[in-house]
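Structure first, then comments.
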There are 2 protein chains.
Amino acid sequence: MNLLPIAAVERDTGIGKDTLRVWERRYAFPQPTRDAKGERLYPAEQVDKLRLLRRLLDQGHRPGNIVGEPLETLLALVDARSEAPPAAANAQIEALIEAVRLHHSAELRAALQQHLVKLGLQRFAAEVVAPLSDAVGEAWLQGRIGVAEEHLFTEQVQNLLRSAIGSLAPSGGTPRMLLTTLPGEEHILGLLMVEATLIPEGVHCVSLGTQTPLADIAEAARGGGFDIVAVSFSAAFPARQAVAALRQLRAQLLPGIALWAGGAALRGKRRPIDGVCQIDPLADVLAALAAWRAAQP
Amino acid sequence: MNLLPIAAVERDTGIGKDTLRVWERRYAFPQPTRDAKGERLYPAEQVDKLRLLRRLLDQGHRPGNIVGEPLETLLALVDARSEAPPAAANAQIEALIEAVRLHHSAELRAALQQHLVKLGLQRFAAEVVAPLSDAVGEAWLQGRIGVAEEHLFTEQVQNLLRSAIGSLAPSGGTPRMLLTTLPGEEHILGLLMVEATLIPEGVHCVSLGTQTPLADIAEAARGGGFDIVAVSFSAAFPARQAVAALRQLRAQLLPGIALWAGGAALRGKRRPIDGVCQIDPLADVLAALAAWRAAQP
DNA sequence: TCAACAGTTTGTCCAAGACAAAATGAATCT
DNA sequence: AGATTCATTTTGTCTTGGACAAACTGTTGA
């Protein structure tokens, strides 16, 4: 059997060391074995369960109710979830998912390319990439695909979107927008979808990729004369940290610069954050753009 | 003044909470203030110094000698370093660096594109991207550019390389190679450079992007019928963890599958790791490919 | 239906100690 | 000189148990 030390488990599951230890104390799970030094060693099956737990937490479940429950109960929760929404039952999306599942990267690439050409960049992002991205996350949760397949999918889509975005001449238009994610958020697809949606509208987009420290975002926004800073969050990003970081970033940013935040991590937030424009479905970004332009003299 | 809690400092500097606390105990630096709860709050200037320390450690310095030293001493170390190698004094590279420094993204893009067309993909990777990447790291160390500029550079190069790689038809040739980085390594440029070098040689490359868990790499390699697994490390990756993770991956991989590892983190390793092919300068990858092909029946 | 309240849950932080892996430097042998 | 062995420091990571505020829950009252 394969045993992992606590640091490896933190990296593989995204659950912090402190949290792993406190769960063990409170919910009697996980229960790692110990090595000669007395240090925790987690069996692979417990790590698998932790990954599942992480995903269920992202979906809105609470630790007290699910950590400690046996595996069957958790799987039942997954099944219950996947029955509720009829999977949006889009046959095209399902076909793409199947290509991901079987590692058919050439077919996947060809099919995506076809959709891109047929729909155009904006609709491709909104009608193919966004739902497909959700569907891949869902399929992972159900155990139908693995992490490797998820990564493969991300790479393929990224190649396509970056090629398409790069082939459009830099606009030099307004507003000038700086795009990035905060430290800890490594998912870039949300960012690329926003860029794909806004570039055809004549927005001047500059992406810094993922995980830019707050201070550097603020400095770049000031120095580059940007009008808007846009950051994106995946469902995996802890909402608690997202809110704190957004407040902090807002404080460091010049008041004249707008701050847009979007993505699943902020879904279901009751109170909006002062000075932060929340954009949840991807389509909202066009409305936000129209609003921004209307507010300019 | 701007004060950051310990978790934010960990994310911004990459130095773990435990390490931050133990440095404070041993070297009397950093010395954060405390809030009402008694929790650490780090002033921005100490965080800046921590970032510099991190970089110096990556360059081979040892904590006992540099943490605790005043800022001027550290800056002197940086200067001493940059005088030693005459910066490879390539005028073209310097011009590109200047474009990065000034946020001239349009010019940067155009110049890179020009080099790519002129040199071809392989030489572009080896003669432009690789040295430019090093030079950007060096410029960051000297404080000539910030993190935002570094990210901007990475994005631009990534767009170009991905477009170029994507425009080549999938080869279906041999060997079949799986490329990725290990959890904790987020730099993708090394991977893209390898892909750019090998695809024109007819190698069938499949990239999983960054940070794939070991178990998923092994499973994907088995399921996809790959001949070679290639992983890349940046200078920022702790060599200690790299060696441990490579041993672990080697153990999980089928014996018939070769494991290639490259990148700055393994530079200066005395003993090679059993069953791992180490590739340090980018050019070596072609030699390794020739060797692999020669060994096939 | 919404707002305010009290109660519970939960992630993160602290302290000081411990230890093994890695780096260093000295000594010894080809 | 160059390589190999050994002892000594250095250094990051892990341990325990306690503590607390922010966020969430569910109830009460308008």
Side-chain angles (χ1 to χ4, degrees), chain A residues 3-11 13-27 29 32-42 50 53-54 56-58 60-68 184 237-245 247-248 265-266 268-271 273, chain B residues 3-11 13-27 29 32-42 50 53-54 56-68 184 237-245 247 265-266 268-271 273:
Chain A
L3 298 172
L4 297 182
I6 193 168
V9 176
E10 176 182 34
R11 281 192 317 206
T13 66
I15 303 168
K17 300 192 210 1
D18 282 317
T19 305
L20 287 169
R21 286 191 276 253
V22 89
W23 280 5
E24 187 179 335
R25 202 194 309 168
R26 287 181 185 154
Y27 314 119
F29 181 88
T33 60
R34 302 291 181 128
D35 67 2
K37 277 186 271 176
E39 300 188 352
R40 293 172 175 79
L41 287 178
Y42 294 82
L50 285 169
L53 284 170
R54 174 82 204 283
L56 285 169
L57 291 180
D58 293 343
H61 286 93
R62 306 193 58 192
N65 302 326
I66 57 173
V67 187
F237 199 90
R240 183 185 294 203
Q241 289 179 29
V243 174
R247 287 217 183 90
Q248 206 174 349
L266 302 172
K269 267 289 133 194
R270 33 196 75 180
R271 294 292 167 85
I273 308 163
Chain B
L3 298 172
L4 297 181
I6 193 169
V9 176
E10 175 182 35
R11 281 192 317 207
T13 65
I15 303 169
K17 299 186 191 54
D18 282 317
T19 306
L20 287 169
R21 286 191 276 254
V22 91
W23 280 6
E24 187 180 334
R25 203 196 307 170
R26 286 181 187 154
Y27 313 120
F29 182 88
T33 60
R34 302 292 180 128
D35 67 3
K37 277 186 273 179
E39 299 188 353
R40 292 171 174 81
L41 287 177
Y42 294 81
L50 285 169
L53 284 170
R54 173 82 203 282
L56 285 168
L57 290 181
D58 292 342
Q59 306 291 339
H61 285 93
R62 305 193 60 190
N65 302 328
I66 57 173
V67 187
F237 199 90
R240 182 187 296 199
Q241 290 178 30
V243 174
R247 288 218 182 89
L266 303 172
K269 265 291 132 193
R270 35 197 73 179
R271 294 289 168 85
I273 308 161

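Naming: A, B, ... by sequence-line order, numbering from 1 per chain. Not measured: the values here are computed from a predicted model.
One atom, CD of A/E24, and another, C1' of D/dT16, lie 11 Å apart when rounded to the nearest Å. One can place CG of A/N65 at 10 Å from C1' of C/dT9, the figure rounded to the nearest angstrom. In this structure, the CG atom of B/L20 is 10 Å from the P atom of D/dG12, given to the nearest Å. The distance from atom CG of A/L4 to atom C1' of D/dT13 is 16 Å, rounded to the nearest whole Å.
Side-chain atoms of A/E24 and A/R40, non-hydrogen and from C-beta on, do get closer than 4.5 Å to each other. In this structure, B/L57 and B/V67 have side chains that are not in contact, with every pair of non-hydrogen atoms separated by 4.5 Å or more. The closest side-chain heavy-atom distance from A/L53 to A/T13 is not below 4.5 Å. For the pair A/R34 and A/E39, the minimum side-chain heavy-atom distance is 4.5 Å or more.
Each of B/K37 and A/R62 lies near DNA chain D, and the nucleotide nearest B/K37 is the one positioned closer to the 5' end.
Nearest heavy atoms, A/I15 versus A/R54: CG1-CD, 3.9 Å. Residues B/I6 and B/R21 come closest through the heavy atom pair CD1-NH1, 3.9 Å. Heavy-atom minimum distance, B/P32 versus B/L41: CB-O, 3.3 Å.
For A/F237, the ring pair (Phe, Tyr, Trp, His ring centres under 6.0 Å) test picks out A/F233, with sequence neighbours left out.
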For nucleotides 11-13 of chain C, print each protein N/O atom paired with a nucleotide N/O atom at under 3.5 Å, atom names and distance only.
| residue | atom | partner | partner atom | Å |
| --- | --- | --- | --- | --- |
| C/dG11 | OP2 | A/W23 | NE1 | 2.8 |
| C/dG11 | O4' | A/R240 | NH1 | 3.3 |
| C/dG11 | N7 | A/R26 | NH1 | 3.2 |
| C/dG11 | O6 | A/R26 | NH2 | 2.8 |
| C/dT12 | OP1 | A/Q241 | NE2 | 3.0 |
| C/dT12 | OP2 | A/T19 | OG1 | 3.2 |
| C/dC13 | OP1 | B/A7 | N | 3.4 |

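Each end of the helix from C/dT1-D/dA30 to C/dT30-D/dA1 gets its own axis from five base pairs, and the two axes differ in direction by 40°, given to 10 degrees.
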